[in-house]
Structure formats: structure tokens, C-alpha cells
2 protein chains.
Amino acid sequence: METEKRQQTQSLKALMGVRDLVFSGRARPGERLSEIAIAEKLGISRTPIRAALARLEQEGLLELIPSGGYAVRQFSRDEVIDSIELRGVLEGTAARLAAERGVPPARLRAIKDLLRGLDETMAERVEDMAFDRYVELNAQFHEALAGLAGSGIIRREIERVTRLPFASPSAFLDKQADVPEFRRSLIGGQAQHRAIVNAIELREGARAEALAREHARLARQNLEYVIEQDRGLISRVPALALIGE
Amino acid sequence: METEKRQQTQSLKALMGVRDLVFSGRARPGERLSEIAIAEKLGISRTPIRAALARLEQEGLLELIPSGGYAVRQFSRDEVIDSIELRGVLEGTAARLAAERGVPPARLRAIKDLLRGLDETMAERVEDMAFDRYVELNAQFHEALAGLAGSGIIRREIERVTRLPFASPSAFLDKQADVPEFRRSLIGGQAQHRAIVNAIELREGARAEALAREHARLARQNLEYVIEQDRGLISRVPALALIGE
DNA sequence: GACTTGCAAATTGTATACAGGTGGTATCTA
DNA sequence: TAGATACCACCTGTATACAATTTGCAAGTC
């Protein structure tokens with residue numbers, strides 16, 4: 001019908017449009033993002049585009065050009081590593097606080113269900129894994145973990161860091177990056193998932209924190225594998241499109 | 001000359017203007033911030049105001065009203081505590097990484113100079129302390145610490161959290177909140193400063209991290225003192241203007 | 001008297017007009 | 001041929017106009 005979901009649409013369309021422009025690699029790092037060009041391409045006026053650009057700059061995806069305007073930001077290897085480290089620290093904090101403060105039974109049950117679901121995706125041979133399903137459940141697990149401490153502040157901050165694609169728990173879980181090396185890392189990853197939840201349940205804050213931090217290191221390992229062993233993969237992992245240098 | 005430093009001014013004026021409106025308490029938590037009203041008050045058009053509002057929402061200072069527009073956000077006691085905790089975690093990470101990665105001698109010297117400066121503000125009797133100078137140097141110390149790991153990502157994140165006034169290391173260091181209880185806490189605080197730098201210099205990452213976290217707890221102690229012992233102080237500590245509930 | 005309904009004012013979201021400034025190019029000169 | 005200068009096109013920052021909602025009030029009805 002003519003309901004035409006226009007509610008809030010222009011702004012959202014602009015935000016998603018620009019994000020996609022960057023993530024898809026159609027806008028290369030360093031490239032200037034012209035308001036007019038984008039506006040024409042997306043079929044909306046400059047105003048919502050401008051708002052989207054400003055917001056994405058806040059998110060760290062774009063950078064200000066001294067003479068005005070915005071450009072796609074380029075991230076160095078070190079910045080990517082620090083972002084992953086940061087995610088580990090924040091997820092570790094969420095885990096620790098959840099352990100220290102205690103988690104309502106319903107929530108604990110919910111995250112345990114996710115654990116079980118993840119288990120079911122595993123198989124004897126890595127080729128037999130239900131990769132897509134793992135990716136989906138893994139994202140849900142990390143989301144649940146971020147909220148487990150019951151702190152909106154922490155949850156929000158994790159969400160923020162995670163918006164940088166290469167810092168996301170799903171950074172190396174992509175159909176395009178379906179590499180045996182990465183698949184193998186999921187086995188250990190799932191063991192860490194279990195350990196984290198166990199530590200939280202037993203109210204072992206320090207252990208929960210350390211485990212969550214170490215868990216994030218999986219992403220770092222995968223990153224280093226890509227950079228040092230198989231640079232060709234860089235272009236196949238979408239989350240790595242912003243890495244330069 | 002009529003050069004009239006207008007460079008970038010409207011946007012900046014809008015940002016500072018709205019921030020000040022909130023921090024000064026002229027806009028109460030929950031209150032809607034009307035673009036037109038602010039635009040008239042500040043003598044600029046709606047466009048830069050709008051940008052400022054959107055940005056401050058991203059910073060967490062404002063919240064979106066479902067039907068459109070922005071309102072001053074109100075923070076619960078728990079959210080304030082979590083923000084302080086978060087700052088502790090992030091400063092702890094900066095300290096740990098600085099210890100693990102090592103700090104260039106010049107930077108180490110610089111932060112040690114700050115330590116010495118802070119020492120000089122101390123006195124036998126708390127009434128004799130150079131309070132203003134301490135406040136100034138303390139802010140510099142925390143800024144230096146945030147940058148000590150040489151990570152722009154970490155530095156930026158600390159800066160972000162710190163923008164929430166009650167999460168800042170200077171939250172309870174204000175002329176209006178010049179209370180003996182707070183002054184006394186500075187003595188132990190300075191000891192922690194020294195210990196943090198010492199741990200970093202000795203490359204003791206875990207110790208540096210734990211100390212920095214504990215150091216942030218000073219702010220939490222002060223907060224709890226205000227809430228549980230002397231609620232009248234709330235109105236005298238500007239950083240606490242946003243606390244509700 | 002309380003609730004509903006309709007209207008009017010106000011407010012946001014979006015588009016566009018306008019001015020100042022930046023960068024690039026082409027031409028002219030040495 | 002290389003460098004400098006002047007001009008032109010484009011782009012951003014800001015203001016304002018316009019349209020669609022939303023909110024608040026008032027009047028009318030049950």
C-alpha cells in the first residue's frame with residue numbers, strides 16, 4: 001500500500017548508504033566523500049547525507065579533511081590490533097561484571113542455549129561444520145555477553161567498538177573468508193565460549209575476564225595469519241577493506 | 001580587521017553552546033531541547049544546532065525522543081558508577097599496554113615531571129594544598145596516561161568516556177566542590193599516581209592495570225560519599241547535575 | 001464531569017539557495 | 001620546458017523555505 005515506510009527514512013537511507021559505500025569498498029580509504037555525489041547517487045538531498053557523514057566520523061569510520069569535508073579513514077595494522085584488544089578488554093569487563101554482580105537465571109539459560117546451539121554446528125571434520133549457522137549464533141552469543149552485566153553503559157560501548165568491522169567478533173566469519181584455518185579456530189573458540197559462561201556462573205570474575213580477553217585474541221591470530229601468511233586473503237575478507245599500509 | 005575569526009565558528013559555537021546549556025544545568029534532565037529556541041538564543045541558524053544535537057546524542061549526553069528531537073539525558077546512579085568503572089578499565093588498559101610495550105624515555109620523563117609538580121601542591125595540612133594547581137596537573141596527568149601506550153584508539157576511547165562530566169578524572173575536583181573529604185582523597189590519589197608510573201617503568205603490566213583501576217575507584221568513593229553522606233553536595237558538584245533517580 | 005474528537009500551533013525532517021573558500025588547470029613568461 | 005599566476009569550477013558551511021507530524025487545547029458529546 002501507499003503506507004510507504006518513509007518514517008525516518010531519508011536519514012536512515014543516508015546512513016546505511018554511506019556505510020555500505022565504505023564497507024563494500026566502492027569508496028577507497030583516503031578517498032574524499034563528496035556530499036553532492038553521494039546525494040545524487042542515493043537520490044536524497046545533502047542534508048541527511050551530511051548528518052550521516054558527521055555520524056560516521058564520530059564512529060571512527062571517516063576522518064575530517066582539514067579543508068572541510070570527510071574522507072574514508074585508513075587503518076593501520078596497529079590500529080586494527082588495538083581495536084581487537086579493546087574489544088577484548090570491554091567484553092572481558094562485561095564478563096567480569098556479570099560474574100561479580102550475578103546474572104538472572106533466565107539470562108543465564110538463554111546464553112547457555114546459545115552455547116548448545118553452537119555445539120550443534122560443530123562436526124568431526126571442519127568441512128562438515130554448519131558455518132553459516134555458527135556465524136549467526138556466534139554473533140548472538142557476543143551480543144548476549146555484552147548485555148550480561150546488565151549495564152547499558154558497557155553494552156553500548158561494546159556495540160560502538162564493534163561497529164568497526166574489523167573489530168567485530170564476526171570479522172573473520174564471512175562466507176568469502178571461509179578458510180580452513182579460520183574454521184579450525186572456531187573449535188577452540190567454542191571451548192572458550194563455554195569456559196566464559198562457566199566462569200560467570202561460578203562468579204569467578206577474574207577468570208571470566210581473562211578468558212574473554214583471550215577469546216578476542218582469536219581475531220588477532222586470524223588477522224596475523226592473513227597479513228603474514230596469506231595476504232591475498234585481505235581482499236577476500238570484507239572487514240579488512242579499510243586496512244592500509 | 002574584519003577578518004572576524006568565523007572559521008568553523010558557527011558549528012563550534014553551537015556545540016559549545018548546547019554543551020554549556022546542559023552542563024550549566026540551565027537545561028534540566030528530561031527537558032526537550034528545541035532547535036529553534038536554541039538557535040535564537042545563540043544567534044545562529046538551526047543547521048549547526050542540529051548537527052551539535054546529533055553529535056551530543058552520539059556522545060551520550062542527549063537522548064532521542066521517539067517522536068523526534070532530543071532531550072537531556074538523565075543518568076542513574078548505576079550508570080554513573082559504570083561510567084567510572086569503564087574509565088578505570090580503559091585507563092588500566094592504557095597503563096598495561098604502556099608497561100607491556102614500553103614507553104619512550106622522553107614521555108616517561110614528561111609524566112614524571114607531572115608527578116613532581118603534583119607533589120609540590122601537597123602540604124602538611126589539607127587546607128594548605130594548592131588545590132587549583134592540583135586540579136590542573138591531575139588533568140594533565142590523566143591525559144598523559146591515556147596517551148602513554150602510544151595507541152590512538154585507546155586514547156580516543158578514553159577521551160570519549162571522559163567527556164561525560166561525571167566520569168572525568170576531574171569530576172570531583174571543582175572549586176565548588178572543595179570539600180575536606182575530597183581533598184583528603186588526593187593524598188592517596190597521588191600515591192597511586194606514583195605507583196602507576198613506577199609499574200609502567202618496571203614493565204609490570206598487571207600491576208599498572210590494577211592500580212589504574214583502583215585509582216578510578218576514588219571517584220566512586222567520592223560519589224558514594226556525596227550520595228550517602230551529604231546529598232546536599234550534589235547540587236554543588238557541577239558534574240553531578242545530570243544524575244537523577 | 002470525563003472522555004473523545006478535531007483543529008491549530010509548533011516542531012522536526014528535508015530540500016534548496018547562497019556565500020566563502022579551496023584546488024586544479026591552463027596560460028603566459030622566463 | 002619549467003615555473004608562476006590568474007581564473008574557474010566545485011565543494012563545503014550556513015541559512016532559510018517547505019512539508020509532514022506531532023502536541024496541546026478547546027469544544028462538544030455521552
Side-chain angles (χ1 to χ4, degrees), chain A residues 1-22 26-74, chain B residues 1-22 26-59 61-73:
Chain A
M1 311 355 344
E2 302 312 282
T3 333
E4 258 245 78
K5 266 211 286 195
R6 275 182 57 87
Q7 29 122 339
Q8 206 71 315
T9 293
Q10 303 301 69
S11 305
L12 245 180
K13 246 171 82 178
L15 191 62
M16 315 256 294
V18 178
R19 254 214 204 95
D20 184 58
L21 213 60
V22 176
R26 264 173 298 158
R28 316 291 309 172
E31 183 180 332
R32 177 194 213 108
L33 293 177
S34 157
E35 295 176 6
I36 301 178
I38 298 174
E40 283 173 4
K41 193 174 299 189
L42 298 183
I44 49 194
S45 82
R46 278 179 58 209
T47 307
I49 302 290
R50 196 176 175 65
L53 291 173
R55 169 155 177 175
L56 293 175
E57 191 264 335
Q58 278 299 101
E59 283 186 12
L61 200 64
L62 308 180
E63 65 187 355
L64 269 121
I65 297 175
S67 65
Y70 301 90
V72 180
R73 180 152 159 212
Q74 185 165 81
Chain B
M1 285 269 343
E2 300 312 283
T3 330
E4 256 244 81
K5 264 213 285 191
R6 279 179 53 89
Q7 28 123 345
Q8 207 69 319
T9 294
Q10 303 302 69
S11 306
L12 246 181
K13 248 171 81 178
L15 191 62
M16 315 257 293
V18 179
R19 253 213 205 97
D20 185 57
L21 213 60
V22 176
R26 264 173 296 160
R28 315 291 310 174
E31 183 180 331
R32 178 192 213 110
L33 293 178
S34 156
E35 294 176 4
I36 301 178
I38 299 175
E40 282 173 3
K41 194 174 298 192
L42 297 183
I44 50 194
S45 83
R46 279 178 57 208
T47 308
I49 301 290
R50 197 175 175 66
L53 291 173
R55 169 155 178 176
L56 292 176
E57 191 265 335
Q58 279 298 103
E59 284 186 12
L61 201 63
L62 308 180
E63 63 188 357
L64 269 122
I65 297 175
S67 66
Y70 301 91
V72 180
R73 181 153 160 212

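Here is the naming used below: chain letters follow the sequence lines, and residue numbers restart at 1 for every chain. In this text, all values refer to a predicted model and were calculated from it rather than measured experimentally.
Atom pair Glu35(B):CD and dT22(D):P shows a separation of 16 Å (rounding to whole Å applied). We find that OH of Tyr70(B) is positioned 17 Å from C1' of dT22(D), with the value rounded to whole Å. Atom C1' of nucleotide dG13(C) and atom CD1 of Ile65(B) are separated by 14 Å, given to the nearest angstrom. Taking atom CD1 of residue Ile36(B) and atom C1' of nucleotide dC18(D), one finds them 13 Å apart after rounding to whole Å. For the pair Leu64(A) CG and dT22(C) C1', the interatomic distance rounds to 16 Å; values are reported in whole Å. Remark: C1' of dG13(C) and CG of Leu12(A) are 13 Å apart, rounded to the nearest angstrom. One interatomic measurement links the two molecules: CG of Leu15(A) to C1' of dT14(C), which rounds to 16 Å at whole-angstrom precision. Put simply, CD on Glu57(A) is 11 Å from P on dG13(D), counting in whole angstrom units.
Using a 4.5 Å cut-off on side-chain heavy atoms (C-beta onward), Ile36(A) and Ile49(A) make no contact. Looking only at side-chain heavy atoms (C-beta outward), Ile65(B) and Tyr70(B) stay at 4.5 Å or farther from each other.
The CD atom of Gln74(A) sits 8.5 Å away from the CD atom of Glu63(A) when rounded to the nearest 0.5 Å. Between atom CD1 of residue Ile38(B) and atom CG of residue Leu53(B) there is a gap of 5.0 Å, rounded to the nearest 0.5 Å. Atom CG in Leu62(B) sits 11.0 Å away from atom CD in Glu31(B) (nearest 0.5 Å).
At least one donor-acceptor pair closer than 3.5 Å links the side chain of Arg73(A) to the backbone N or O of Gly60(A).
For the contact set between residues 42-54 of chain A and DNA chain D, defined by any heavy atom under 4.0 Å, the members are Arg46(A), Arg50(A).
Within the structure, a side-chain polar atom (N or O) of Ser67(B) is placed less than 4.0 Å from OP1 or OP2 of dT23(D). One finds a side-chain N or O of Ser11(B) lying less than 4.0 angstrom from the OP1 or OP2 phosphate oxygen of dT14(D).
The side chain of Arg32(B) sits closest to dT12(C) out of dT14(D), dT12(C), dT12(D).
As judged by a 4.0 angstrom heavy-atom cut-off over every strand, Leu33(A) is placed among residues touching the sugar-phosphate backbone only.
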Given Arg19(B) and Leu56(B), is the side-chain contact (heavy atoms from CB on, under 4.5 Å) satisfied, shown in steps? CA-CA 8 Å; Arg19(B) 253 213 205 97; Leu56(B) 292 176; 3.7 Å; yes
